Protein chains: 2
Amino acid sequence: MTTLLGVPEVVIDRLPIYARALAMLEMQGRQVVSSQELGAELGVTPAQIRKDLSYFGRFGKQGRGYNVQRLAAELKGILGLDREWRMVLVGVGNLGRAILSYRGFAEEGFRIVAAFDRNADTIGETFDGVEVQSIANLPRFLKDNPVQVGIVAVSAAGAQEVVDTLVANGVRGILNYAPIALHVPPGTRAKDIEPVLALQSMTYYLKGATS
Amino acid sequence: MTTLLGVPEVVIDRLPIYARALAMLEMQGRQVVSSQELGAELGVTPAQIRKDLSYFGRFGKQGRGYNVQRLAAELKGILGLDREWRMVLVGVGNLGRAILSYRGFAEEGFRIVAAFDRNADTIGETFDGVEVQSIANLPRFLKDNPVQVGIVAVSAAGAQEVVDTLVANGVRGILNYAPIALHVPPGTRAKDIEPVLALQSMTYYLKGATS
DNA sequence: CCGTGTGAACAAATTCACAGCC
DNA sequence: GGCTGTGAATTTGTTCACACGG
């Protein structure tokens with residue numbers, strides 16, 4: 001039981017995985033689950049689940065396990081998933097359009113409220129109900145509208161400048177699809193979505209295999 | 001200096017980041033770089049870079065640093081990026097189509113050689129030069145063609161079955177876009193691409209912020 | 001004098017193992 | 001008897017600090 005501010009980031013990164021599994025169990029009508037079962041499902045040790053949860057409280061009952069509905073709700077609360085989050089997308093090329101059409105964000109309460117691009121051909125067009133604005137409008141938009149997360153889907157060359165604009169206008173969460181290491185000030189969170197990097201480390205292990 | 005088989009996975013996961021930065025420096029015509037500079041660029045300590053590299057050899061020169069071209073080539077060799085990798089895509093919905101149209105894979109030597117879906121309306125259509133086949137063809141295709149990686153872009157409900165088919169037919173690398181924890185046997189590598197999970201842990205830190 | 005490579009020191013994360021409660 | 005919650009033990013990963021070569 002450490003102070004709330006001191007929860008290791010690896011723990012925080014696992015909580016959404018637990019939350020997702022619990023939501024699934026909840027849908028299946030499951031009432032109770034043990035750390036044993038949850039761990040088997042997720043490929044995690046039961047002790048790790050119990051330890052992770054212990055940072056935030058005592059949610060289980062000895063001899064029984066965890067109430068699925070209760071724990072699911074607790075985790076949502078801890079993570080801040082009991083509210084809607086507003087995001088802007090910057091970069092509406094191929095990748096940006098795919099992001100706009102992806103239903104998974106909205107389903108989990110992450111709403112893309114505006115999209116920006118610098119390409120004159122794209123500005124003014126509408127994709128999945130979002131009209132693309134000039135990137136010149138981005139600072140004003142951020143001043144006038146609450147936005148918590150910026151999705152960066154521009155090229156590596158343009159990404160840092162976009163991030164600087166987002167950060168300068170109060171956006172403290174960045175979801176980065178550009179293939180570059182971003183620089184963000186303390187207090188800002190950036191997460192990289194990098195399928196190519198994932199493949200490039202996987203190949204190390206596949207090298208030795210047949211085929 | 002540990003045995004090659006014992007390199008920690010976290011180290012392997014960082015190598016592609018180094019490789020990418022070095023490729024960039026190389027394009028800029030840079031000859032030499034120190035762990036200091038590289039670390040500043042990537043937000044990593046110089047000691048960590050040196051330690052990571054020391055698992056594989058001695059690539060630097062005291063007092064000088066690393067030859068950019070040489071180190072870039074070494075890392076590519078270590079990771080197995082000096083060859084082409086063949087992948088199949090399973091699931092050609094919205095997400096699958098976005099993956100097919102993504103140029104980033106091919107640019108780094110990862111080629112999607114076939115795509116499969118179970119939806120009769122989609123089978124036979126062509127996206128970005130790849131014709132969609134019935135998922136019933138998947139086992140035969142894998143027997144007849146060398147494929148190292150399977151990209152899973154089906155729903156959570158269908159993902160495990162797809163993975164089982166891939167694994168049963170010799171695919172040892174899985175790039176998973178489905179929002180579920182997969183079960184794979186030892187010797188198989190699975191990596192999850194999960195933008196929603198990334199957002200859901202980010203919100204923990206954003207909760208307290210203004211706006 | 002600069003920067004690598006690396007044991008040694010340290011810090012972080014995971015797992016163990018068991019007391020306590022249902 | 002079953003399973004949580006948690007200190008203690010262990011393992012894993014990171015950083016230090018310096019001998020050595022250029």
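Order of the sequence lines fixes the chain letters, A, B, ..., with proteins taken first and strands second; residue numbering starts at 1 for each chain. What you see is a predicted model; the values in this text were computed from it and never measured.
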Could you please name the option among [options] that lies closest to any side-chain atom of [X]?
| X | options | answer |
| --- | --- | --- |
| B/Lys51 | D/dG13, C/dA8, C/dA13 | C/dA8 |
| A/Gln62 | D/dC3, D/dT14, D/dG5 | D/dC3 |
| B/Ala47 | C/dA13, D/dC16, C/dC16 | D/dC16 |

Give a yes/no on whether any side-chain N or O of [X] is located under 4.0 angstrom from OP1 or OP2 of [N].
| X | N | result |
| --- | --- | --- |
| A/Thr45 | C/dT14 | no |
| B/Tyr66 | C/dG5 | yes |
| A/Arg58 | D/dG5 | no |
| A/Arg14 | C/dT14 | yes |
| A/Arg50 | D/dG5 | no |

Protein-nucleotide distance ([X], atom [atom1]; [N], atom [atom2]), rounded to Å:
| X | N | atom1 | atom2 | result |
| --- | --- | --- | --- | --- |
| B/Leu42 | D/dT14 | CG | P | 15 Å |
| A/Asn67 | D/dT4 | CG | P | 13 Å |
| A/Ile49 | C/dT15 | CD1 | P | 11 Å |
| A/Asp52 | D/dT6 | CG | P | 13 Å |
| A/Glu37 | D/dC3 | CD | P | 8 Å |
| A/Arg70 | D/dT4 | CZ | P | 14 Å |
| B/Leu53 | D/dT15 | CG | C1' | 16 Å |

For A/Phe105, ring-ring contact (aromatic ring centres under 6.0 Å, His included) partners two or more places apart:
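ring-ring contact (aromatic ring centres under 6.0 Å, His included) check on A/Phe105 returns A/Tyr102.
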Would one find more than 12 heavy atoms of other residues, nucleotides or ligands at under 6.0 Å from atom CZ of B/Arg140?
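12 or below, so no.
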Is it the case that more than 12 heavy atoms not belonging to A/Gln69 sit under 6.0 Å from its CD atom?
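For A/Gln69, atom CD is not crowded (no more than 12 foreign heavy atoms under 6.0 Å).
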Heavy-atom distance under 4.5 Å between the side chains of A/Tyr205 and B/Thr188, does that happen here?
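Not touching, per the 4.5 Å side-chain cut-off.
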Do A/Leu166 and A/Val152 have side chains that approach each other closer than 4.5 Å (heavy atoms only, starting at C-beta)?
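They are in side-chain contact.
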Between A/Gln48 and B/Phe59, which residue's closest nucleotide on DNA chain C lies nearer the 5′ terminus?
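Comparing both residues, the 5'-ward one is B/Phe59.
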With sequence neighbours excluded, residues passing side chain to side chain donor-acceptor pair (under 3.5 Å) with B/Arg50:
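If we apply the side chain to side chain donor-acceptor pair (under 3.5 Å) test to B/Arg50, skipping adjacent residues, the hits are B/Ser35.
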Sub-4.0 Å heavy-atom contacts from residues 26-36 of chain B onto DNA chain C, ordered by number
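Correct list: B/Ser34, B/Ser35.
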Determine, step by step, whether B/Asp164 and B/Gln160 satisfy the side chain to side chain donor-acceptor pair (under 3.5 Å) criterion, reporting the C-alpha distance in whole Å, the side-chain angles of both residues, the deciding distance to 0.1 Å, and the verdict.
CA-CA 6 Å; B/Asp164 293 344; B/Gln160 188 60 54; 2.9 Å; yes
Check: D/dG22 base within 3.5 Å donor-acceptor of B/Arg64 side chain:
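A donor-acceptor contact between them is absent.
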